[in-house]
2 protein chains.
Amino acid sequence: MRRDVFQAIADPTRREIINLVAFNPLNLNAIADKFDISRPAISQQIKILAECGLISIKKQGRERYCEASLQQLNEVSNWIEKYRQLWEEKFNKLDDLLNNMQNQPNKP
Amino acid sequence: MRRDVFQAIADPTRREIINLVAFNPLNLNAIADKFDISRPAISQQIKILAECGLISIKKQGRERYCEASLQQLNEVSNWIEKYRQLWEEKFNKLDDLLNNMQNQPNKP
DNA sequence: AATTTGCGTAAGCAATTACTTACATATATA
DNA sequence: TATATATGTAAGTAATTGCTTACGCAAATT
């Protein structure tokens with residue numbers, strides 16, 4: 001039962017749930033209504049999201065309001081940012097080539 | 001056989017492979033040597049990474065050099081960045097509270 | 001008090017995942 | 001040419017995933 005943020009956001013349904021509650025909290029049934037799958041299925045996905053800290057659940061009477069708590073996305077963001085310069089460099093390789101040709105214009 | 005970038009980076013072994021070849025390309029056996037799992041297992045993971053464009057494979061004789069090609073990570077990055085302001089706001093809520101207290105220091 | 005509503009959870013199931021071993025193939029080397 | 005090397009791929013498997021239906025329970029409503 002691996003349950004890290006990378007895996008949590010791998011599922012499109014879970015990403016969609018995050019998107020739904022990101023800008024306004026919704027209770028569980030309101031979320032489930034937006035999907036074609038059953039309410040228990042949504043309940044299970046929300047449980048996973050809650051377990052890895054991406055949403056927090058606030059009980060109000062018999063309702064459970066889900067709100068996004070996305071600080072954990074920093075873990076993914078940081079991992080990606082390690083490589084950003086690397087992949088953006090590739091766009092500059094033509095530049096490098098041109099520079100080299102200018103520095104050594106008549107190499108035999 | 002869903003095969004998107006989100007799912008590709010969900011697996012820790014695949015992330016580790018990306019990390020290995022990110023800064024210097026390696027052939028498949030060199031990659032497999034770094035792991036405890038079998039060479040075919042690594043071969044399959046590399047196939048997945050190649051299929052979603054995160055690594056590119058260059059044949060050199062009988063060897064296959066794997067190099068990172070991480071532009072696709074932008075898809076993940078963009079998805080996360082949609083929410084950054086949202087979650088960073090939460091860090092500022094304490095600030096806001098403190099500011100309010102300063103502005104209205106002796107509210108009855 | 002009885003019923004409805006909002007939800008959790010268990011059990012079951014098909015599909016997928018991540019491995020394994022065994023074998024095939026192309027290229028390099030002796 | 002025979003052998004060693006680097007790799008792909010198929011088949012099998014155990015574990016995991018993502019759903020379903022069925023049921024239970026607490027809070028609200030009647």
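We name chains A, B, ... by the order of the sequence lines, and we start the count at 1 in each one. Given the structure is predicted, the values throughout are model-derived calculations rather than measurements.
Looking at which nucleotide of DNA chain C each of B:Ile48 and B:Pro40 is closest to, the 5′-most match is held by B:Ile48. Remark on DNA chain D: of its neighbouring residues A:Lys59 and A:Arg14, the 5'-side contact belongs to A:Arg14, judged by nearest-heavy-atom nucleotide.
Relative to the side chain of A:Ile37, the nucleotides D:dT20, C:dT20, D:dG8 differ in distance, and D:dT20 lies closest.
Scanning atom types as modelled, one donor and one acceptor separated by under 3.5 angstrom connect the side chain of A:Arg39 and the base of C:dG8. For B:Gln45 and C:dT17, a side-chain-to-base donor-acceptor distance below 3.5 Å is absent, hydrogens and geometry of angles not being considered. The base of D:dT7 does not come close enough to the side chain of B:Arg62 for any donor and acceptor atom to sit less than 3.5 Å apart. Side-chain atoms of B:Gln7 and base atoms of C:dT17 include no donor and acceptor less than 3.5 Å apart.
Following rounding to the nearest Å, A:Ile42 (CD1) and D:dC19 (P) show an atom-to-atom distance of 7 Å. The distance between atom CG of B:Asn27 and atom P of C:dA26, rounded to the nearest whole Å, is 20 Å. Remark: C1' of C:dT27 and OH of B:Tyr65 are 14 Å apart, rounded to the nearest angstrom. Atom P of nucleotide D:dT17 and atom CG of A:Asp11 are separated by 11 Å, given to the nearest angstrom. As a whole-Å value, the separation of A:Leu49 CG from C:dG8 P is 13 Å. Rounded to whole Å, the distance from CD on B:Gln44 to P on D:dA11 is 13 Å. Summarising the geometry, the separation between CD on B:Glu63 and P on C:dA28 is reported as 9 Å, rounded to the nearest angstrom. When rounded to the nearest whole Å, the span between NZ of B:Lys47 and P of D:dA10 equals 7 Å.
In A:Asp36, the CG atom is not crowded: 12 or fewer heavy atoms of neighbouring residues, nucleotides or ligands sit closer than 6.0 Å. Counting non-hydrogen atoms of other residues, nucleotides and ligands closer than 6.0 Å to NZ of B:Lys58 gives a total of 12 or fewer.
In this structure, a donor-acceptor pair under 3.5 Å is absent between the side chains of B:Gln45 and B:Ser43. A donor-acceptor pair shorter than 3.5 Å cannot be found between the side chains of A:Glu67 and A:Tyr65.
Within the 4.0 Å cut-off from OP1 or OP2 of D:dC19, not a single side-chain nitrogen or oxygen of A:Ser38 is found. Considering only side-chain N and O atoms, A:Asn29 lies nowhere under 4.0 angstrom from the phosphate OP1 or OP2 of C:dT5.
Using a 4.5 Å heavy-atom threshold, the side chains of B:Trp79 and B:Asn74 count as separate.
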